[in-house]
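Everything below concerns the one structure shown next.
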2 protein chains.
Amino acid sequence: MNLKELSQALELSQTTVSRALNGYPEVSAETRSRVEEMARKLGYAPNQQARRLATGRSMSIGHVIPRSLHEMMNPVFMEFIAGAGETYSRHGYDMIISVVEDHNVEAAYREIASKKKTDAVMVHGPRSSDERPALLKELGLPFLIHGRVPGLEHATSWIDVNNGRAFERATNLLLDLGHRRIALLNGLEDMDFAARRRAGFDKAHHDRGLQTIPELLRAADMTEPYGADSALEMLKSPEPPTAFMVSSMITAIGVARAIGLCGLKIGRDISVITHDDALSFLPNCGDVPIFTCTRSSVRDAGSRAAQLLIEKILPNPDTIVSEHLEAELIIGQSTGPLPTQA
Amino acid sequence: MNLKELSQALELSQTTVSRALNGYPEVSAETRSRVEEMARKLGYAPNQQARRLATGRSMSIGHVIPRSLHEMMNPVFMEFIAGAGETYSRHGYDMIISVVEDHNVEAAYREIASKKKTDAVMVHGPRSSDERPALLKELGLPFLIHGRVPGLEHATSWIDVNNGRAFERATNLLLDLGHRRIALLNGLEDMDFAARRRAGFDKAHHDRGLQTIPELLRAADMTEPYGADSALEMLKSPEPPTAFMVSSMITAIGVARAIGLCGLKIGRDISVITHDDALSFLPNCGDVPIFTCTRSSVRDAGSRAAQLLIEKILPNPDTIVSEHLEAELIIGQSTGPLPTQA
DNA sequence: GACGTAATTCAAAGCGGTTTGGATGGGTGT
DNA sequence: ACACCCATCCAAACCGCTTTGAATTACGTC
C-alpha cells in the first residue's frame, strides 16, 4: 500500500493525500478526515526511505561508539542510550549506533556525513583533548557532547554533570569527618570527566591547605577488580587510607570487597564515597543507601541530551546550548567519622 | 557531490558510473578504475536514502528493546549489541535501536514493517510464552532470536546458550562437592533462559534422587540487592544453604556481600557458582577467577547472531538456522567441598 | 453579472540512486 | 565482404514520497 494506491482509492491526487496526512492547512477538514480514515482502513504508512529522500532529512541520530570507550563505559553508556532512545522515538527519530575501532571513528563520521546517514550525532566520553568537535564542524554535522571538551565550553553544545563540584563536595564531606588520608580511585584521567573529578578532589584539599597523597591516587578503567586490587594493596600498605573516593559504583563494589577481605567494616573502619550513575541494575537507594554517593542519573542525562539535540540544535544548527546537571550528595552507610585510634 | 555530477565530470552516463562503483561486470577495467579514482578525488559517496529507495533494501537491522527487558538485562544487552554492531558495520549494515514501553512493542514492529525501516530484526529476551515470533511472521519481517521460544525451536531461527546443560553441570559440581542445600537465585522464570536454568538445576537433583528445597529458590530481576537481600535472609534462617547457584554476576556480587556481612568466607564456608556473561567491566578471569562460573561470552553471541542474520537469513528469509553455544564451566575461588560440621 | 480573493485540489517536477532494454562499435568466422 | 556476437556504454523508467506552481471552484462585493 503506497501513496499512489491510496490516492487512487480516494480519487484524490497524491499531493492532497500527502498534505492531508502531514497536517498542511490547505486541505479541507472534511477531506482530511476522509483521507485519514481511508489510510487507517487500508493500513497505509509512508515509506521511510522515500520520505527521507524527498525531504532530505534522515530523521535519525547517530551514536558512534569507539571500542575503547565502550569497554570502559559499557553499562553507563547503555543507560544513556536508553534515556535518549525514548526521547528519540517520541519525536519520531531513529537511533543508529555504530560500534567501531578507535582508529575508524573519523571514517565513521565521514561516512555518516557524506552518505547523509543521520541528521546529527551524539558525542560520548570526551577526552581532555578531543579531535571530534573539530572534525564534526568541518563535516557540518550537528552534534551535542555528553560531557565537555576543555577550551570548547562556549564553542560547542554539551550537557554534563558538574563533576568537579560533585567531587569537591564529597571530598569536603570526608574531610569534615576528619579523614586526612583519602584515596582516589578515578577513571582514566585523559577522560574529561575524570580530570574534573580529580580537580574537585584536589581543590577540596588545597582550600584547607591540605595536600593530596600521591600513593593514594589511581586512575584506570573502572572495573570491579580495579577497585578490589587497588584497595587491597593500599589497605595493606604501612600507611593505609581511611577513606576512598571512587568514580564508579562498579569499582566501589570492588573496594567494598577488598575492605571485607581485610576484615574491616565499611562505614565504620573505612569510609567510601562513590559516584553513582543511578544504573537500574545497581540500585543504591532506599532511606539509607549502601553507598554514600554523588548521584546523577545518566539515563535522565540521555533523555535531556536527546531533547536538546532535537529541539534546539536541529532546528538551528548554529545554536550553542549547554547544560549543567548537578549531582546530589547522598549520605548512605559507607561513610562515618574517622575512627579514633584505639 | 552526487552521481549526476560525478558522471558529468567523467563524461560518462550515470548508469556506467553506478555500475562501475558497484562492481558490475559490464564495465571495462579501465573505465572502472577511472571512475573509482575520480570518485575518490571528488569525495563521492552514494546517498544512503536514495540507494535505499532504489534498491528497496534498508541495509539496516532493528533491535526493539522493551523497557522491562532493558531494566533487567541492561549490561548484558549492551554487550550483545556491541558484538552485533561490529559485525553489522563490517557488512555495511546499520543498527537501529528502539527502546519502547512494553505495550508498544507490537506497534514498533508494525511500524518497522509498514514503513520498511529495517530489513530484519533481532529479538531479545524471549519469554516462555512469547508472541513476537508470530507477529513477525505475520509481518513478514525476517528475524533471529537471541534465546529460544519453547515449542518454536524448529520453526524459528535462534542462537542460544545451552542454559539447561550449563546449570545442570554446575549443580552437579556442587552436589559432587557434597552440598545438599543449594539455593538458586534465578532470573524471572517467565524468561525462557531462566526456566531452562531452573530445569537444569532440577534435573541435576532429580537424577540423584534428590529434591530441591523450595525455601531456597528465588526468581527476580537480577540486581545486586536482590542477591544480597536473598542471601542474607537465607543465611540467617534456621537451615541455611551451603551453596548458591546464581544467574548473574551482578547478583552474585550481592551474594558475596551478604556472605561477608555474615562473617563467612566465600569458597570455604559457602560455595557460589554464577553464570558469567563475560561482561567487559566485570572481568572474572585470571588463573583462578573470583567466581566459579558457567561462562559464555554474550558479546560473541551478538557477533555470531548478526552474522547468521546477515549471511543466512537475509539472503533467504525462509531458512531456519539455530545454534547452540556451550557455556564453559570454570572453577574459581568461590567453590569448595561442603565444610565438615565442626 | 463581472471580478477579485480565498479555499481547495491537482499535475508534474524533483530527491539521488538502480536497473531495464536498447544502442554502438570493434572483432570473428566463413 | 557480410552476418553475427560480444563487450561497452547509454537514455529513460522507476523507487515512493514531498513540494512547487498552476488550475479550479466557491464566495462575497460593487
Side-chain angles (χ1 to χ4, degrees), chain A residues 1-39 42-60 92-94 111-119, chain B residues 1-39 42-60 92-94 111-119:
Chain A
M1 173 54 39
N2 58 24
L3 184 62
K4 191 173 169 188
E5 291 164 10
L6 176 61
S7 62
Q8 282 169 350
L10 283 159
E11 299 193 314
L12 282 172
S13 72
Q14 294 187 33
T15 310
T16 304
V17 175
S18 170
R19 288 190 158 148
L21 293 174
N22 290 315
Y24 283 72
E26 53 270 80
V27 178
S28 71
E30 187 208 1
T31 304
R32 189 188 307 277
S33 64
R34 203 161 66 85
V35 169
E36 283 170 348
E37 190 187 348
M38 185 66 85
L42 271 52
Y44 168 79
N47 179 303
Q48 189 91 333
Q49 329 299 345
R51 171 184 281 198
R52 284 173 171 170
L53 177 56
T55 59
R57 284 173 306 147
S58 72
M59 293 304 284
S60 56
Y93 278 80
D94 284 340
E111 189 181 337
I112 286 176
S114 63
K115 294 191 173 175
K116 305 254 164 53
K117 276 191 177 185
T118 73
D119 296 331
Chain B
M1 174 56 38
N2 58 24
L3 185 62
K4 192 173 169 187
E5 290 165 11
L6 176 61
S7 63
Q8 283 169 350
L10 283 159
E11 298 194 315
L12 283 171
S13 73
Q14 294 187 34
T15 309
T16 304
V17 175
S18 170
R19 289 191 158 150
L21 293 174
N22 289 316
Y24 283 73
E26 53 269 81
V27 178
S28 71
E30 187 207 2
T31 304
R32 189 188 306 277
S33 65
R34 202 161 67 84
V35 170
E36 283 170 347
E37 191 188 348
M38 183 66 86
L42 271 52
Y44 167 78
N47 180 302
Q48 190 90 333
Q49 328 299 345
R51 172 184 282 201
R52 284 173 170 170
L53 176 56
T55 60
R57 285 173 305 148
S58 71
M59 292 304 285
S60 56
Y93 277 79
D94 285 340
E111 190 180 335
I112 285 176
S114 64
K115 294 190 174 177
K116 305 253 163 53
K117 277 191 178 187
T118 72
D119 297 330

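Quick caveat, the model's predicted, so the values are computed rather than measured. Below, chain A is the first sequence line, B the second, and so on; all start at residue 1. Below, all heavy atoms of this structure are taken into account, side chains as well, without hydrogens, waters or symmetry copies.
- Here the closest heavy-atom approach between residue Pro25(A) and residue Arg32(A) is recorded as CA-NH2, 4.2 Å.
- Checking Ala29(B) against Tyr44(A), the closest nucleotide of DNA chain D that is more toward the 5' end is the one next to Ala29(B).
- One atom, CG of Leu53(A), and another, C1' of dG16(D), lie 9 Å apart when rounded to the nearest Å.
- In this structure, Met59(B) places its CE atom 21 Å from P of dG16(C), rounding to the nearest Å.
- Rounded to whole Å, atom C1' of dT18(C) lies 9 Å from atom CG of Leu3(B).
- Atom-to-atom, OH of Tyr24(A) to C1' of dT9(C) comes out at 16 Å; the value is rounded to the nearest Å.
- In this structure, of dC9(D), dT18(D), dT9(C), it is dT9(C) that holds the atom nearest to the side chain of Leu12(A).
- Taking 4.0 angstrom as the limit, Thr31(A) places a side-chain polar atom (N or O) nearer than this to OP1 or OP2 of dT9(C).
- The distance from atom NZ of Lys117(A) to atom OG of Ser58(A), rounded to the nearest 0.5 Å, is 10.5 Å.
- If you check every strand for non-hydrogen atoms under 4.0 Å, Ser18(A) touches a base.
- Taking only side-chain nitrogens and oxygens, Asn22(A) comes nearer than 4.0 Å to OP1 or OP2 of dT18(D).
- Computed from coordinates, the Asn47(A) CG to dC14(D) C1' distance equals 13 Å when rounded to whole Å.
- Projected onto DNA chain D by closest heavy-atom contact, Ala50(B) and Arg19(B) fall at different nucleotides, the more 5' of which corresponds to Arg19(B).
- The structure places CG of Asn47(B) at 6.5 Å from CG of Leu53(A), a figure rounded to the nearest 0.5 Å.
- Within the nucleic acid shown, Thr15(A) comes within 4.0 Å of at least one base atom, counting heavy atoms only.
- For the pair Lys115(A) and Asp94(B), the salt-bridge criterion is not met [side-chain N within less than 4.0 Å of a carboxylate O].
- Residue Glu30(B) is classed as having no contact, given no heavy-atom separation below 4.0 Å to the nucleic acid.
- Listed nucleotides dT18(D), dC9(D), dC15(C) differ in distance to Val27(B); the shortest reach to its side chain belongs to dC9(D).
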(request) Take Thr16(B) and Ser13(B) through the test side chain to side chain contact (heavy atoms under 4.5 Å, CB included) and record every step on the way to the result. (result) CA-CA 5 Å; Thr16(B) 304; Ser13(B) 73; 3.1 Å; yes

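- dG16(D) atom C1' lies 14 Å from atom CG of Leu21(A), rounded to whole Å.
- Each of dC10(D), dT18(C), dG16(D) was ranked by its minimum atom distance to the side chain of Thr16(B); first place goes to dC10(D).
- As rounded to whole Å, 19 Å separates atom P of dT24(D) from atom CD of Glu26(A).
- Residue Gln14(A) is in base contact, counting any heavy-atom pair closer than 4.0 Å across all strands shown.
- Gln48(B) has its CD atom 15 Å from the C1' atom of dC15(C), to the nearest Å.
- Nearest nucleotide to the Arg51(A) side chain, out of dG17(C), dT9(C), dC17(D): dC17(D).
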